[in-house]
Engineer: 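Could you have a look at this structure, given as structure tokens, before my questions?
Chain A is the first sequence line, chain B the second, and so forth, proteins listed ahead of strands; every chain is numbered from 1. Heavy-atom basis, side chains included; hydrogens, waters and symmetry copies ignored.
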Amino acid sequence: MEAVIKTAFPFMVITAGVVIGFQMVLMIVAYTVLAERKVLGWMQGRVGPNRVGPWGVLQPFADFLKFIFKEDITPDKSTKFVYFLAPLVALTCALMPIVVYPFGPEITSVDWSFLPMGLGEGVKALPLTIARVDVGVLFVLGITSVGVYGIMLAGWSSNSKYSLMGGLRSSAQMISYELAMGASVIGVVLLAGTLDLGGIIRAQQQSTFRWFIVPQFIGFIVFLIAAFAETNRTPFDLPEAETELVAGFHTEYSALKFALFFMAEYVNMFTVSMMCTVLFLGGWYVPGLSHVFEVGSIPYALVSHFAFIGKICAFLFLYIWVRGTLPRFRFDQLMNFGWKFLLPVALANVIVTIIVVFFLNR
Amino acid sequence: MEPSLASYLALSGILFTIGAVGVIFKRNALGMFMCIELMLNAVNLTFVAFSRYYGDTTGQLFVFMVMSVAAAEAAVGLGIIIAFFRNKQSIDVDEASILRN
Amino acid sequence: MDFLNANLLTILILLPIIGAVLTLAHQMFWKQESQLKWLTLGFTTLNFVVSLALFSKSAIAGPSGYFFEKNVPWIKAIGTNYHIGVDGLSFWLVILTTFIMPIAVLSTWHAVEKKRTAFYIFLLLLESAMIGVFVSLDLLVFYLFFEASLVPMFFLIGIWGGDNRIYAAVKFFIFTAFGSLLMLVAIIALFFLYADQTGLGGSFDLIAIMNAMKTGTLVIPPQTGTLLFLAFALAFAIKVPLFPFHTWLPDAHTEAPTAGSVILAAVLLKMGTYGLMRFNFGLFPDQSKEWAWLFIALAIVGIIYGALVAMVQPDVKRLVAYSSVAHMGFVILGMFSFTEAGMQGALYTMLSHGVTTGALFLLVGFIYERRHTREITAFGGLSNPMPIYATIFVITTMASIGLPFLNGFVGEFLIMVGMFQSQVLGITASVNWNVVATMFAGTGVIFAAVYLLWMVQRVFFGKVTVEKNKGLADLSWREIGLMIPLLFLMVYMGVFPKPFLARSESAIKAIQERVMHQAGGTVDHAEAKPPVSGDEHK
Amino acid sequence: MVGTALFFLFAGFAIMCAISMVYHKNPLYSAISLVGVFISLSCIYITLAAPFIAAVQILIYAGAIMVLVVFVIMLLNLDDDTGPNRLKYLYTLGGGLGVVLLAQTFFIFYAVMRAPNVPSDQTLSAGKTLTIGQAMYTEYLLPVEIVGVLLLMAIIGSVMLARRLAQPQLEIVVERESEIRHDEQ
Amino acid sequence: MSTLFLTDLLTPEASVSIILPEIVVALAGVIVMLYDSFFPKQRVVSGAIALIGLTVSAVILATMWGGNSPTSGWNGMIAHDNLRLSFSFVFLFVSAMTVLISTVWVDRENVPAGEYHALLLFATFGMMMMSAGNDLVVIFLGLETLSIATYVMAGLRRGDLKSNESAMKYFILGSFASAFLLYGMALIYGATGSTNLTQIADKVANPNFPALLLVGGAMLIVGFGFKIAMAPFHVWTPDVYEGAPTPVTGFMAAGPKAAAFSSFLRIFVLGLPLVAGVQSSVYLHDAWISALAVMAIITILVGNVAAIMQTNVKRMLAYSSIAHAGYALVGFIGAGMAKSTAARDEAIASVAFYMLTYAVTNMGAFAIVTLLAEKNDRRAEFEDYNGIGFKSPVLAFSLSLFMLSLLGLPLTAGFMGKILVFRPALEAANPLVTGLVIVAVIGSAISAYYYLRLIVVMFFRERTSEWRQPKMPLAMTTALVIAILGVLYFGIFADRVIEKFAQSPSGVVVKAEK
């Protein structure tokens, strides 16, 4: 029995981490939706949702209930299996990257020997990350690129013109901007010298500029723009452009399946913001915090963690802000911008970074 | 107990077989192309398995090269398939028969 | 003189090529095709004149007993040398070639209407290839010229031939190419045998290989030897052509233009017999003896078959072509008797056949130019409107039959004598197979008389049956002039064979001795006195 | 134990997906199945201590190549393969090839069966990004350069193939040509 | 400062000088692209740049021949020996000829010249890497560079269904073959634990998994068999050759085939020694010889017999190229059975020389086919050649010369090539191989029929329909003159070339410094 528990313990810890992490993310996402409506409302001189609960704080739950109880319509001539598969793929791929993100610094001050059966033996640190992957950046990029299948499959399987157009646009857009995104990340990777996300944060701590946004400002801008495009947000929301495509790839989706897409989009926003934070804003790292709290202590971890969430929220606010202010691109504009401006800029950035890094390391 | 080298090679061999047979059974060019990709993947698995066995990076580098090549091949191959489709409105290789067999 | 001694053969090979280049240049710059024939005639005649220098008394035999020898490395990587030279055997064939060429050119005076430039270029290239074949002493160089002679002939038949020319040309090419390619393999195999056994590195040099065999440093294993022998023999047998490989010959002859037929009959066929004598006998004496029965049998079948088929031919040219098959059968027979008389006779028949059959084709060509048909039934009683033509034709026919005092007789007689004396076939208590073979061959002579005379009778005698033939013009001076040297040779060779035979004697003897002695044969040939003296004709 | 279980899980999934890819007539199903194969292979790479390759596998195969393929499938709006008007001898050929390759697989399996089992060691440096990166820019610099040329060329090639047609549709011309030829005879 | 930067980057044995010819070719490709993007209308110039690049590369190659440069570089990834030099020379020649030939076609069909020439140069780069590569990775990448460029070039006439079809078939089957090739490489890597051919050669006698070597070798044969169009893997050849644009077909028949042969030789003869005497290995020798000999026999027979039945000249030439692959295989087997290193080098040189002669002849023939093909290659049937012999004697006689050279008639390049490849095979004195040579000879005799057919059609038939002699642009004339002179030169004075081909840079056997 003891042996079984000993074997299972790491898995249990990981499972717990996953549950906690995902729960947190989903909560944040739920309130992002509310925040978006509120903020947009304020920007447009409206109030926004205010009926459900005080200031409308229970609105997400009401929406959720509505989605559950709505009739789930499946188009007659759709390809059923793919039609069901698509939202699952979308949401799964949106959630997957979360496992590699460091939500905060390691907690080293706790002595874990109090755990029964010697489970805490040898455990020195509790990382605030679910899985430490050597190739974190690649993992995130890879999973993100797989996410496009959800949209494409949805577009294809709905057997609807609008959906198909949306799907096609979406995939073209994703492929195009993924390149720029990857290229902009390379600058950071070059500076950090690792693909590990935690490693990148540590590298930022040790660098002269503290945050990579300073040396990699161009990279940051490119990444940000590409991130907007990757998440199909305004001004790159052509795959679901209401005015021309009647919501694009998810035109035919309703009820819970629509909710899954909806959630996937917001989770994507969240993960991309997280990526941006980790790469350019030092992740959970707050300059000067180590002077206030002891590194490795619980307060230090907590403050760092909330700083991380705060940075992410700032990005999420940026998303909403942009949505409230900018119009949508035309498709050819979008393509031209991606290929003829963003990618060259990103590549130039990479080359300059290579040269600079080379001379710095000499 | 860990899976042995032989089991990885067997998996790779089976995947390769499926791919190769698929290339012959498939009727449309895209299907064939996908089968070829499967074959390449099977080979990659062989490389990685041996790389692990020898504790050697060579095999993985080879795999990396193969992947780059596969990407290039995909770009060109899909271009060719689209060009064919434009003229023929089909990518069924059975209908590719202007050139006598 | 040294220069000439060293380079005469090269000059002979190169002169026609220069002529061809000039012809091309002439065509490109003056564009007057009518003058080309003069140019070509000039070059072929010049070549003939130069070739007469071969008679020069001052010629010194080279290190390997060949005259006018030249041996320079050509492609070192495969160990082949540009090695050329003549002996008594090839000497006459070279002369025959250079002699026939101007006549062939003259015969085309009015016959070739279209694309003359190309025609003359091919003729000249053909000449140089043919000379190359007879003088090369390196196996690879020999092969090279052997094949190279194919192409011009292929074009000559294919472009300027009769109605069925494409079929004939392709058949001609593929038959000969097939045989010679196998010979190529054999040549390369010999190269390695030489390299393996002597340890000197490979060589294609005929003389070197023969010397190595003589000294025993190179011993060809019997089975390999047989294979190689057969490969060589097949190539030459097709070229000769020996029954049953003869089927390309009637087609090629019939369809070729007159000049082509003349060259084909006079020279190209001799390449086969020459090759057999030079290479098969020289390189594989044992195998030659061992397989002589086959060749003799095929030769006899060829003689009789050729004669019988010739008898029923409705076409004069085809008839002459089949008579060639029969004559070449005689040559093979003589060669494989391995007696000096037989082999001398074979060489002599080669020469006389060149002259006689060449003349016959010319004559057929004359009438074809006039009537555009060669059907025997289309003629009859031609001696009335064309007496000179008829006379010449009859004389030539007689020479072909082998009437005494004409050239055909000497060769055939020597062959018969040689075969009669020969011991190459088995002699059992009851039957001397050599004598039997001689007797069968003798029937061939009779058949020849039958079909040729019958043809002459149908064409020239009796009443003129076809209206058109009544007004036929007799031979022009050009045509007569063209025939005169041939007629002269027919008579001269029939009456004075001695100078011819004397020249070739030593070479033939060498070959014969090589076959008989290398093989360790028991026959002592000192006794088999060749009746070469020629006194009997005086 | 866990490793074996994972291996068989992923291997089984990969083989199932591969078979489904070949089996399905609809190219899109095939594509989805193939993505399944890629992902399970990626997981197997992780168990083989090759995280970099695993990530790149997802990134390139699943994320780039197959997205392109699916894109093309959607663009061309392909239908199912219909009807068995296939050259019959190909079935025999394919079956034969399959049998030969399977036999070969068994042969390989048999040959390698006695190879010593390398213990699971996730700290092995061979698969680490750093090791691969270092090798790539020292020992394997030349192949990387060649890959650069290769990719450049592929870009040129695919752009050229996909660029809008400057020439007129020639098929009709060809047909007219053959008619003329027919008339001449 | 900048040089410092370079040297620092290139510290790990990155000897630029040893791959300078390759670099020049690739650079020329890039320059062509750049030039074309600024001056897209100047087709001639992009061709000229390509030619200059190829020439410069050839000159550098020639200087490397004599000097005592290192025999390997880039950590043993590049081998610098006679195999590499001679084959690279062949590739450069083929590409230069292709550039010359295609000028007519580029103008006629409005081909994007910059891209076309760039692709051609990159393909050449790939081929050169294939012959220079002493590591499976480099060989594979070179092969793929070549293949991908060729796929595109085959489909260059995008509006033409024939061309599309050709490209598609080539792409599918080519990638299929690559997969087999790659599997073979993987298994060889598994068996020996290395991808470096020198190390593999050291390990072959005592491999970790001997059985895998066998399987891997078989897979490699399948893969290379596809690339060199060896029966029974030749099925793609006729269709692809017929559909591809004519100059590209010429290129494909001469270049990639030679490239595949170079790698095939390097892997099998130097890496997994077929060689009995030099580095003996019990696992590979006899089995491969027999298998290859049998396949060569089938190749020769299939190629020649099928060629007889064709009515399209390009298709006929496609089958003839299959047959020629068979003849080259004879030399390959000879190299595999060579009894000494010197003999092996000579045999390798003979294969290279064979490919050179084939390239010269073939490019000449395709030059004329291109010239006569008119737009969309619609005039490539035998009947289109009816009776043009005396309407355009220069073209017709040149074509006849090339046909005779393909046939292997003496005094032409084809003859020398055949002699040279048959020689090492006969030297082996193995009955099967001797039989193979005899089959090859019989094959040549069969081939007389279809090669002559073209001559027959041109000269012996009458033309019924109207025919205009095509204009001869300067480039085409140059190409023809080079081809004719080449055919005669290699046929008569082949000595120097063969010696060069057999000569390694410094006579030292390649060793990896790994």
Engineer: Side chain to side chain contact (heavy atoms under 4.5 Å, CB included) between B:Thr17 and D:Thr105: does it pass, once the steps are laid out?
Structural biologist: CA-CA 8 Å; B:Thr17 310; D:Thr105 308; 3.7 Å; yes
Engineer: Measuring from atom CD1 of D:Ile65 to atom CD of B:Glu37, what distance do you get when rounded to the nearest 0.5 angstrom?
Structural biologist: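 Separation between the atoms: 4.5 Å.
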Engineer: Out of curiosity, D:Leu76 CG to B:Leu78 CG, how far, rounded to the nearest 0.5 Å?
Structural biologist: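 Separation between the atoms: 9.0 Å.
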Engineer: Using non-hydrogen atoms and a 4.5 Å limit, figure out which bit of D:Val37 sits close to chain B: side chain, backbone, both or neither.
Structural biologist: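 D:Val37 touches chain B through side-chain heavy atoms alone.
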Engineer: Which answer fits D:Leu68, side chain, backbone, both or neither, if we ask what part of it has an atom under 4.5 Å from a heavy atom of chain B?
Structural biologist: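 Both backbone and side chain of D:Leu68 come within 4.5 Å of chain B.
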Engineer: By a 4.5 Å heavy-atom criterion (distance strictly below it), what part of D:Val100 contacts chain B: side chain, backbone, both, or neither?
Structural biologist: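 Neither part.
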Engineer: For the NZ atom of D:Lys25 and the CG atom of B:Asn28, what is their distance to the nearest 0.5 Å?
Structural biologist: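 Here the rounded value is 10.0 Å.
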Engineer: When rounded to the nearest 0.5 angstrom, what is the spacing between OG in B:Ser12 and CD1 in D:Ile108?
Structural biologist: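 The OG atom of B:Ser12 sits 7.0 Å away from the CD1 atom of D:Ile108.
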Engineer: With a 4.5 angstrom heavy-atom cut-off, could you sort out which part of D:Ala64 is near chain B: side chain, backbone, both or neither?
Structural biologist: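 Contact with chain B: none, neither part.
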Engineer: I need the minimum non-hydrogen distance between B:Met34 and D:Ala31, along with the two atoms involved.
Structural biologist: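 B:Met34 and D:Ala31 have their closest heavy atoms at SD-CA, 3.5 Å.
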Engineer: To the nearest 0.5 Å, what is the distance between CE (D:Met136) and CD (B:Gln60)?
Structural biologist: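 Rounded to the nearest 0.5 Å, the CE-CD separation comes to 10.0 Å.
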Engineer: Between B:Leu45 and D:Leu48, does a side chain to side chain contact (heavy atoms under 4.5 Å, CB included) hold up when you go through it step by step?
Structural biologist: CA-CA 10 Å; B:Leu45 179 58; D:Leu48 277 168; 4.1 Å; yes
Engineer: If you tally heavy-atom pairs under 4.5 Å against chain D, which of B:Met65, B:Glu73, B:Met67 wins?
Structural biologist: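 The option with the most such pairs is B:Met67.
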Engineer: At a heavy-atom separation under 4.5 Å, does D:Gln57 approach chain B through its side chain, its backbone, both, or neither?
Structural biologist: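 Both parts, backbone and side chain.
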Engineer: Checking heavy atoms, do the side chain of B:Leu11, its backbone, both or neither come under 4.5 Å from chain D?
Structural biologist: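 Only the side chain of B:Leu11 comes within 4.5 Å of chain D.
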Engineer: Can you name the nearest heavy-atom pair linking B:Ser68 to D:Leu151, along with the distance?
Structural biologist: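 So the minimum-distance heavy-atom pair works out to O-CD2, 3.9 Å.
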Engineer: Evaluate D:Met153 against B:Val76 for side chain to side chain contact (heavy atoms under 4.5 Å, CB included), listing each step before the verdict.
Structural biologist: CA-CA 10 Å; D:Met153 190 196 66; B:Val76 168; over 6 Å; no
Engineer: Below 4.5 Å from any heavy atom of chain D, which atoms of B:Ser7 appear? Answer side chain, backbone, both or neither.
Structural biologist: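 Contact with chain D involves both backbone and side-chain atoms of B:Ser7.
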Engineer: Does a side-chain heavy-atom distance below 4.5 Å link B:Leu40 with D:Tyr61?
Structural biologist: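 SC-SC contact between B:Leu40 and D:Tyr61 confirmed.
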Engineer: Of the non-hydrogen atoms in B:Ala10 and D:Phe109, which two are nearest, and what is the gap between them?
Structural biologist: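 Looking at all heavy atoms of both residues, the shortest contact is CB-CD1, 3.6 Å.
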Engineer: Can you tell me how the ring of D:Phe7 sits relative to the ring of B:Tyr8, calling it parallel under 30°, perpendicular over 60° and tilted otherwise?
Structural biologist: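 Ring orientation of D:Phe7 relative to B:Tyr8: perpendicular.
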Engineer: Nearest heavy-atom pair of D:Tyr45 and B:Asn41: which atoms, and what distance?
Structural biologist: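 D:Tyr45 and B:Asn41 have their closest heavy atoms at OH-O, 3.8 Å.
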Engineer: Could you give the distance from OH (D:Tyr140) to OG1 (B:Thr57), rounded to the nearest 0.5 Å?
Structural biologist: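 So the OH of D:Tyr140 and the OG1 of B:Thr57 are separated by 8.0 Å.
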Engineer: Side chain, backbone, both or neither: which part of B:Phe33 has an atom under 4.5 Å from a heavy atom of chain D?
Structural biologist: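 For B:Phe33, side-chain heavy atoms alone lie under 4.5 Å from chain D.
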Engineer: Measure distances from D:Val69 to the heavy atoms of chain B and classify the residue's part below 4.5 Å as side chain, backbone, both or neither.
Structural biologist: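 The answer is both parts of D:Val69.
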Engineer: With a 4.5 angstrom heavy-atom cut-off, could you sort out which part of B:Leu61 is near chain D: side chain, backbone, both or neither?
Structural biologist: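 Just its side chain gets close to chain D.
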Engineer: Between D:Ala18 and B:Leu38, what is the shortest heavy-atom contact and its length?
Structural biologist: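 Heavy-atom minimum between the residues: CB-CD2, 3.8 Å.
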Engineer: With a 6.0 Å cut-off (strictly less than), is the heavy-atom count around CZ of D:Phe13, excluding the residue itself, greater than 12?
Structural biologist: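 Atom CZ in D:Phe13 is not crowded, with 12 or fewer foreign heavy atoms closer than 6.0 Å.
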Engineer: So D:Leu41 and B:Asn44, side chain to side chain contact (heavy atoms under 4.5 Å, CB included) or not? Walk me through it.
Structural biologist: CA-CA 9 Å; D:Leu41 278 182; B:Asn44 287 353; over 6 Å; no
Engineer: In terms of heavy-atom pairs under 4.5 Å, which option from B:Gly22, B:Ala70, B:Ala42 contacts chain D the most?
Structural biologist: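 Top option by heavy-atom pairs under 4.5 Å: B:Ala70.
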Engineer: With a 4.5 angstrom heavy-atom cut-off, is it the side chain or the backbone of B:Leu15 that approaches chain D, or both, or neither?
Structural biologist: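 The answer is the side chain of B:Leu15.
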Engineer: Select one option (side chain, backbone, both, neither) describing which atoms of D:Phe52 are under 4.5 Å from chain B's heavy atoms.
Structural biologist: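 Contact with chain B is through the side chain of D:Phe52 alone.
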Engineer: What option among B:Val48, B:Leu9, B:Val21 has the most heavy-atom pairs under 4.5 Å with chain D?
Structural biologist: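 Among B:Val48, B:Leu9, B:Val21, the one with the most close pairs to chain D is B:Val48.
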Engineer: Is D:Leu102 in contact with chain B via its backbone, its side chain, both, or neither, using a 4.5 Å heavy-atom distance?
Structural biologist: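 It is both, since atoms from each part get that close.
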Engineer: Locate the shortest heavy-atom distance separating D:Met21 from B:Lys26; write the atom from each residue and the value.
Structural biologist: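 Reported closest heavy-atom pair: O-NZ, 3.0 Å.
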